[in-house]
Amino acid sequence: IYEAVEKKKSNKINYSSEASINQIKDIDELLMMHYPYKGIAKRVQTIEKRNGKSEEKLLYKVTYKGWVTIGTKEKPSFEVNNETKTILIHLPEPQILDYKVDFDSIDYIFEKGKYETETISADSYKLCIEHMKERIDCDTTLKMRARRNTENTAKSFYSSIYPNYKIFCD
């Protein structure tokens with residue numbers, strides 16, 4: 001296990017988790033969460049009226065399934081206090097890292113058959129990704145759940161390395 005990067009106050013050592021974790025598995029992978037997502041997106045066309053007002057016309061709907069990857073780009077750091085047998089893990093905030101749509105799950109609901117064109121697959125895939133991003137980016141519940149999962153994963157991981165220590169996250 002990688003030892004101290006720099007000594008702090010008496011009996012406190014600031015550890016870098018990078019080397020110890022790389023011996024087992026990269027912590028970035030351990031702290032990534034993959035959440036399933038289902039959605040229904042709508043493709044609309046805006047039609048300008050002569051009176052200056054506009055109207056949206058529904059062209060088709062798309063149902064789809066996908067995955068959202070939430071994780072951290074930074075490695076956590078931690079402090080070990082050998083006197084109190086405690087570890088304080090400094091976790092970076094989870095971020096949305098990736099959105100994926102299962103192309104085979106895309107199902108179309110057309111208002112009129114004329115919208116079923118040769119470019120519909122590419123257009124609907126982009127629509128699904130945009131729809132997923134809009135919904136997930138403002139979903140605070142998912143981000144809070146990812147934070148709790150990140151804390152639990154980090155605590156479990158470090159408690160296996162330091163079984164006699166109490167683990168805390170900030």
Side-chain angles (χ1 to χ4, degrees), residues 1-43 61-107 121-170:
I1 295 175
Y2 186 74
E3 288 303 318
V5 171
E6 69 178 79
K7 289 193 176 191
K8 288 207 169 187
K9 296 175 187 169
S10 67
N11 225 5
K12 276 192 177 180
I13 301 173
N14 187 24
Y15 284 82
S16 168
S17 59
E18 185 172 353
S20 63
I21 291 167
N22 284 338
Q23 291 176 2
I24 300 171
K25 187 175 182 181
D26 194 1
I27 192 71
D28 295 358
E29 292 176 28
L30 288 174
L31 297 181
M32 278 191 196
M33 312 304 163
H34 303 282
Y35 292 100
Y37 186 82
K38 292 181 183 180
I40 300 174
K42 298 176 185 178
R43 174 59 74 202
K61 296 178 186 175
V62 181
T63 62
Y64 66 94
K65 295 177 185 174
W67 290 91
V68 179
T69 303
I70 300 178
T72 61
K73 292 183 179 183
E74 303 169 32
K75 296 194 182 303
S77 61
F78 63 102
E79 293 178 31
V80 176
N81 185 322
N82 292 317
E83 191 174 284
T84 61
K85 293 207 177 275
T86 58
I87 299 173
L88 177 60
I89 305 169
H90 304 285
L91 292 172
E93 283 301 312
Q95 302 171 5
I96 297 170
L97 301 175
D98 196 15
Y99 307 86
K100 290 202 187 312
V101 170
D102 177 4
F103 194 77
D104 293 333
S105 75
I106 296 175
D107 194 21
S121 293
D123 180 54
S124 62
Y125 183 80
K126 289 177 189 174
L127 176 64
C128 294
I129 293 288
E130 290 168 9
H131 181 263
M132 188 185 299
K133 282 182 180 182
E134 281 177 17
R135 303 289 180 186
I136 297 296
D137 285 348
C138 59
D139 187 344
T140 57
T141 305
L142 187 63
K143 291 174 186 172
M144 287 185 329
R145 195 169 10 150
R147 174 66 186 193
R148 280 193 307 270
N149 286 344
T150 300
E151 288 176 7
N152 291 337
T153 301
K155 284 178 180 180
S156 295
F157 180 78
Y158 287 114
S159 66
S160 68
I161 296 172
Y162 299 99
N164 298 323
Y165 285 69
K166 291 181 184 172
I167 314 284
F168 300 97
C169 294
D170 78 349

- Query: Should Tyr37 and Asp139 be marked as a side-chain hydrogen bond (donor to acceptor under 3.5 Å, both in side chains) after you check the CA-CA gap, both sets of side-chain angles, and the distance that decides it?
  - Reply: CA-CA 12 Å; Tyr37 186 82; Asp139 187 344; over 6 Å; no
Measure across [X] and [Y] and return the closest heavy-atom pair with its distance rounded to 0.1 Å.
X	Y	value
Leu91	Arg147	O-NH1, 3.4 Å
Asn81	Glu83	OD1-N, 2.9 Å
Pro76	Ile89	CB-CG2, 4.2 Å
Cys128	Val101	CB-CG2, 3.8 Å
Asn164	Lys85	O-CD, 3.7 Å
Tyr35	Asn149	OH-ND2, 2.9 Å

- Message: Using a 3.5 Å distance criterion without hydrogens, assess whether the side chain of Thr153 forms a donor-acceptor pair with backbone atoms of Thr150.
- Response: no
- Taking the side chain from Lys61 and the backbone from Asp107, do they hold a donor-acceptor pair closer than 3.5 Å? no
Approximate separation, where rounding is to 0.5 Å, of [X] [atom1] and [Y] [atom2]:
X	Y	atom1	atom2	answer
Tyr165	Thr84	OH	OG1	8.5 Å
Thr86	Glu79	OG1	CD	9.0 Å
Glu134	Tyr99	CD	OH	10.5 Å
Phe157	Asn152	CZ	CG	15.0 Å
Leu142	Ile136	CG	CD1	5.0 Å
Met33	Ile96	CE	CD1	13.5 Å

- Message: The test is side chain to side chain contact (heavy atoms under 4.5 Å, CB included); show your working for Cys169 and Lys155 and say whether it passes.
- Response: CA-CA 8 Å; Cys169 294; Lys155 284 178 180 180; 3.8 Å; yes
- Item | Side-chain ion pair, Lys126 and Glu130, N-O less than 4.0 Å |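 Salt bridge: no.
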Show me the side-chain donor-acceptor pairs of residues 62-70 shorter than 3.5 Å, one per line, residues at least two apart or across chains.
{"from": "Tyr64", "atom 1": "OH", "to": "His131", "atom 2": "ND1", "distance (Å)": "2.6"}
{"from": "Tyr64", "atom 1": "OH", "to": "Met132", "atom 2": "N", "distance (Å)": "3.4"}
{"from": "Thr69", "atom 1": "OG1", "to": "His34", "atom 2": "ND1", "distance (Å)": "3.0"}

